[in-house]
Amino acid sequence: MPLEHFDLKIASRTLVQASHPPPDFPAVHAVSNLDLVLGPFPIWLVCIYGPPPCGLDAVLSAVRAALPAYLSRFFPFAGRVVRDPATNIPQVACSNAGAELVVADAAVPLAAVDSARVDRSLGLIQIPFDAGLPMSIQLVRFACGGFSLTVATNHLLADGRAFILLLNSLAEMVRTGGGGLSREPRLDRSLLAPRSPPRYSPSLDAEFARFTPETMINPLLAAAIERRLYRIDAADLVGLQRAASAGGRRRTSRFVALCAHVWKLLARAVGESDPSCRMAWIVDGRKCVEPSDGALDMYVGNVVTYTSREASVAELLRAPLHDVAAAVRAAIAGVMTRDRFQELVDWVEENKAAYKDGGKWTEAVNLGLGSPALVISGLLPFTIDGDLGFGKPRLVVPWLPHGRLGSASVTVVPCPTGDGSWFVGGTRLWPRLVEVIEAGPESLLKPVTAASLGFEVSTGTHGSRL
């Protein structure tokens, strides 16, 4: 049986500075209005690796050697997140105070870790870090010789695509011993400036809510929400895609097909408890803001927006998958315009006063008030590398704090081995939804196990609780 708990022992915690700070970089790195849509909170990208043939000392030495040059390329991440004294809006002081490198040890093999119940695995691997740190690189060594490498940062500075860029660039520089990058990051925040005067649709006001203790569910209710990690095989994704494309002329993407499947699962979980339920999506808008091919592939920042739709539970249960997929596709297409992102920039400009008194905004659907809502995002089709020169990771998945939100939330990440399967990480799941997802052997979303990650349980491994 997998362990319910294991402890980490911190071996070292050091600050690493950029070796060659860019001479012309501004002392203060202002964030964009699109960064302020999500606001500041910590996020972790956890990568799990099997035992490297050269041993863990070589991995740590390679990471440590590459970090100074890496931070020179991503210089704001060697600074500190601070607040403007006049407006209280967060910004980055590019002081080269140093990013954090943490090394820790877990006296358990990876085969004994409960990969499906992520509170017992990823939640124990990610290490809390100071809110002022833009970056914490965390390496955990396991008793089997495997390890985890976690890139942790502040969501203020990176969305999902930028997060993958941070990981891939680190992996490339570790492989080359701190050498150059094949493509340089874009760090400026001059994407979209607010118009004068700012202009936006009044409907945007209804999309956002102040994020305060009065709008959040209570801590005991938050504690009842569960986290899970699932895997869906490539063949099952193809089957969903085929079913979601039936009855129409347009071929449905695998992501849209999976969203339609999850929406129907949500409706089954809701049952008769509510007449309707909502799906929401976090979508990347780089191609909307800069439509030229690849213009923002290396942009480090936030270029995302939410969109949501409410539907009748009875109709969702009755509708064929391709009809639900059509509704998903229409919802996402409705916000994939440059005008949408310009309006977001203008809306934030008009509502920055929330930071003055220490508040922030969030998408209202996140709060989870009203009909049950599930938010889904996908780190797709981003290519995940993560190869430090010692082999590809077995698993790459983000970890986010719960935040006392009442909505459910899942993130889809491609398997880094490139076999076409996806990991589906449930950041927030209600117990009833977990029951529906895992009902029966025919479920397409299979709980991740040590064996499915390639960590075989040895004869000496036992299920004692540490």
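When a residue number appears, it is its place in the shown sequence, counting from 1.
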Considering residues at least two apart in sequence or located in another chain, which fulfil the side chain to side chain donor-acceptor pair (under 3.5 Å) criterion with [X]?
{"X": "Ser182", "result": "Glu172"}
{"X": "Ser169", "result": "none"}
{"X": "Arg318", "result": "none"}
{"X": "Asp105", "result": "Arg141"}

Name all residues meeting the salt bridge (charged side-chain N to carboxylate O under 4.0 Å, His left out) criterion together with Arg73; count only those two or more places apart in sequence or in a different chain, and write none if there are none.
Glu184

Strictly by ring-ring contact (aromatic ring centres under 6.0 Å, His included), give each pair with a member in residues 419-443 just once, sequence neighbours left out.
none

Under the side-chain hydrogen bond (donor to acceptor under 3.5 Å, both in side chains) definition, can you give me all pairs with a residue in residues 50-62, not counting sequence neighbours?
none

Restricting to side-chain contact (heavy atoms from CB on, under 4.5 Å), what partner residues turn up for Ser276, sequence neighbours left out?
Asp274, Glu310, Ser371

Mind checking what makes side-chain contact (heavy atoms from CB on, under 4.5 Å) contact with Arg117, not counting sequence neighbours?
Asp114, Arg120, Arg228

Contacts table for residues 39-54: side-chain donor-acceptor under 3.5 angstrom, sequence neighbours left out:
{"from": "Trp44", "atom 1": "NE1", "to": "Ile127", "atom 2": "O", "distance (Å)": "3.1"}
{"from": "Tyr49", "atom 1": "OH", "to": "Gly386", "atom 2": "O", "distance (Å)": "2.5"}

Under 3.5 Å donor-acceptor pairs involving side-chain atoms of residues 390-402, not counting sequence neighbours:
{"from": "Arg394", "atom 1": "NH1", "to": "Leu453", "atom 2": "O", "distance (Å)": "3.0"}
{"from": "Arg394", "atom 1": "NH1", "to": "Gly454", "atom 2": "O", "distance (Å)": "3.2"}
{"from": "His402", "atom 1": "ND1", "to": "Arg404", "atom 2": "N", "distance (Å)": "2.8"}

Review item, side-chain donor-acceptor pairs of residues 433-442, under 3.5 Å, at least two apart:
{"from": "Glu435", "atom 1": "OE1", "to": "Arg432", "atom 2": "NH1", "distance (Å)": "3.2"}
{"from": "Glu438", "atom 1": "OE2", "to": "Tyr230", "atom 2": "OH", "distance (Å)": "2.7"}

